[in-house]
K.L.:
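Take this structure, written in structure tokens, and hold onto it; I'll ask about it next.
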Amino acid sequence: QKEVEQNSGPLSVPEGAIASLNCTYSDRGSQSFFWYRQYSGKSPELIMSIYSNGDKEDGRFTAQLNKASQYVSLLIRDSQPSDSATYLCAVNNYGGSQGNLIFGKGTKLSVKP
Amino acid sequence: EAGVAQSPRYKIIEKRQSVAFWCNPISGHATLYWYQQILGQGPKLLIQFQNNGVVDDSQLPKDRFSAERLKGVDSTLKIQPAKLEDSAVYLCASSSFSDTQYFGPGTRLTVL
């Protein structure tokens with residue numbers, strides 16, 4: 001059973017701080033990794049994708065991947081109240097359009113003004 | 001570019017009734033996915049289509065759930081008969097040749 005594990009939170013950070021969200025996955029052969037943001041009552045929205053070990057930055061967001069440790073993280077710098085949402089980690093075990101996503105349960109982030 | 005469309009947005013039914021959900025993917029996207037998201041959980045794949053064909057339906061409860069994508073575009077997901085535990089949001093997503101999936105707004109199903 002392929003699994004993706006996340007701390008369900010809630011994770012509470014003050015406005016302007018760095019929020020750190022973590023995810024581990026069980027299938028060592030996993031190819032691609034995604035972070036989705038989901039506001040309450042809305043559908044998941046893609047924030048970042050990462051395919052290679054190391055860091056990938058996009059604005060205030062940085063995704064980090066360590067395949068040896070089977071670990072993916074998302075850092076949100078200068079957190080804003082509008083970042084308050086549930087963050088879903090997802091892993092594609094095959095890659096490309098042949099695969100499908102296995103999601104974690106999500107981490108609920110709350111950014112306090 | 002229009003996003004993934006789904007209807008209805010909300011549905012309330014009694015247990016043992018049947019229900020159907022419709023999805024229209026982003027134009028040109030060959031791959032279509034149906035996910036079930038129970039409150040407090042991440043989405044779980046029910047079925048994946050590549051054009052008309054089924055790629056993965058290993059987690060679809062086939063005794064009560066069915067799905068089709070007859071012309072390789074729109075898709076319908078049906079539940080018959082519904083159970084209380086089917087209360088969830090049903091999400092449709094699509095992708096082109098990459099593995100980036102784009103989600104529709106979802107259908108929130110309540111089974112009473």
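A note on names: the letters A, B, ... follow the listed sequences, proteins ahead of strands, and every chain is numbered from 1.
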K.L.:
Counting only heavy atoms closer than 4.5 Å, note whether A:Leu101 contacts chain B via side chain, backbone, both or neither.
P.N.:
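The answer is both parts of A:Leu101.
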
K.L.:
Ring centres under 6.0 Å, that's the criterion: do A:Phe33 and A:Tyr25 meet it?
P.N.:
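Yes, ring centres under 6.0 Å apart.
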
K.L.:
Heavy-atom distance under 4.5 Å to chain A: side chain of B:Pro105, backbone, both or neither?
P.N.:
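The answer is the backbone of B:Pro105.
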
K.L.:
Identify which of A:Gln38, A:Lys108, A:Lys42, A:Glu45 forms the greatest number of heavy-atom pairs closer than 4.5 Å to chain B.
P.N.:
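Counting heavy-atom pairs under 4.5 Å, the top option is A:Gln38.
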
K.L.:
Taking the six-membered ring for Trp, are B:Phe49 and B:Tyr33 closer than 6.0 Å centroid to centroid?
P.N.:
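Ring centres of B:Tyr33 and B:Phe49 not closer than 6.0 Å.
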
K.L.:
If you apply the rule ring pair (Phe, Tyr, Trp, His ring centres under 6.0 Å), what do you find for A:Phe103 with B:Tyr35, and how did you get there?
P.N.:
CA-CA 10 Å; A:Phe103 283 86; B:Tyr35 289 88; 5.7 Å; yes

K.L.:
Take atom CG in B:Leu112; do more than 12 heavy atoms of anything else shown fall under 6.0 Å from it?
P.N.:
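Check passes, neighbour count above 12.
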
K.L.:
When only pairs under 4.5 Å are counted, which of A:Gly41, A:Ala90, A:Gly106, A:Pro44 shares the most heavy-atom pairs with chain B?
P.N.:
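Looking at each of A:Gly41, A:Ala90, A:Gly106, A:Pro44 in turn, A:Pro44 comes out on top.
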
K.L.:
Considering the options B:Ile47, B:Asp57, B:Ile79, which one meets the side-chain contact (heavy atoms from CB on, under 4.5 Å) requirement together with B:Phe65?
P.N.:
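The passing option is B:Ile79.
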
K.L.:
Where does A:Gln6 contact chain B at under 4.5 Å (heavy atoms): side chain, backbone, both or neither?
P.N.:
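For A:Gln6, neither part sits under 4.5 Å from chain B.
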
